[in-house]
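Worksheet: the structure to be examined is printed underneath.
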There are 2 protein chains.
Amino acid sequence: MPKTLKPTRDAVEVLHRRFYEGKPARLKNLEEARANEEIARKIHELRAAAALTQTQLARLIGTTASVICRLEDADYEGHSLAMLRRIAGALNQRVEIRFIPIRRSA
Amino acid sequence: MPKTLKPTRDAVEVLHRRFYEGKPARLKNLEEARANEEIARKIHELRAAAALTQTQLARLIGTTASVICRLEDADYEGHSLAMLRRIAGALNQRVEIRFIPIRRSA
DNA sequence: CAGTTTATTCGCAATATTGCGAAAGCGCAA
DNA sequence: TTGCGCTTTCGCAATATTGCGAATAAACTG
């Protein structure tokens, strides 16, 4: 195989292996854990700011208190956009999503 | 029933009916449609900026091209936080989520 | 202390999202 | 035209999230 033929695919796979194997994978897990924790905290803060109980917020979005409690659990990993929007909507907020570049340590 | 007993629950339900019935409900759908469209566009832009094909990006996050295509479809309504993070991670980005107050028209 | 409200945890059914291949459409260059 | 790469669409199985009640814990009130 000539070394200049279709380098893109190989490069992509090399990038893939670099990113998902080794340290970055572990860092990624930590980042996600922090992100989930932050979402849980934001939901709790939003609800507290609105002076609502879990049961009341649950009614607003058509679910039950146990669901709200789960969302506010820092260890919960199942946050969905749909649920965040329901909560935001009930509390007169909107969910903004942004992709922000990560600077890799040189 | 005395009119001052447990007003909170009723108030919450009134708020609920006001918000989810009538105009706001329709507005909410429009807002969601726009939001989904925006997410689809962002994913496409991010992938284009990285000069990757759908198949290449799919490999990066361990899925197939048809899945990426679905995510970039403006009419797709199933966007999940998990998937956004996978894409962001593969492209050296992080997903930021913010709740932003909506000012209701007076 | 008892009584009340709120919050948490668990299990399982219902719903939603993802995974994946196959087929077809599209654009472009030979 | 054909071939090739890229994209789009479809259907269904696999996985993930949600819904919900019940039981318990925790916090607060009288």
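Chain A is the first sequence line, chain B the second, and so forth, proteins listed ahead of strands; every chain is numbered from 1.
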(request) Check whether any side-chain nitrogen or oxygen of A/Thr63 sits under 4.0 Å from OP1 or OP2 of D/dT18, and answer yes or no. (result) no
(message) Taking the minimum atom-to-atom distance to the side chain of A/Val67, which one of D/dG19, C/dT6, C/dT8 wins?
(response) D/dG19
(message) Between B/His44 and B/Arg70, which residue's closest nucleotide on DNA chain D lies nearer the 5′ terminus?
(response) B/His44
(message) Can you tell whether the side chains of A/Arg41 and A/Glu37 come within less than 4.0 Å, N to carboxylate O?
(response) no
(message) With a sphere of 6.0 Å drawn around CD of B/Glu45, does it hold more than 12 non-hydrogen atoms of other residues, nucleotides or ligands?
(response) yes
(message) Does D/dG19 have its OP1 or OP2 closer than 4.0 Å to a side-chain nitrogen or oxygen of A/Arg86?
(response) yes
(request) State, with a plain yes or no, whether a side-chain heavy atom of A/Met83 is found less than 4.5 Å away from one of A/Ile61. (result) yes
(request) Taking only the side-chain heavy atoms of B/Thr53 (C-beta and beyond), determine which of D/dT7, C/dT8, C/dT9 contains the nearest atom. (result) D/dT7
(message) Please tell me if B/Tyr76 has a side-chain N or O lying less than 4.0 Å from either OP1 or OP2 of D/dT9.
(response) no
(request) Look at the side-chain N and O atoms of A/Ser66 and state whether any lies under 4.0 Å from the OP1 or OP2 oxygen of D/dG19. (result) no
(request) Output yes when at least one side-chain N/O atom of A/Arg47 is less than 4.0 Å from OP1 or OP2 of C/dA7, else no. (result) yes
(request) Give B/Thr64 one of three labels, base, sugar-phosphate or nothing, depending on what nucleic acid heavy atoms sit under 4.0 Å from its own. (result) base
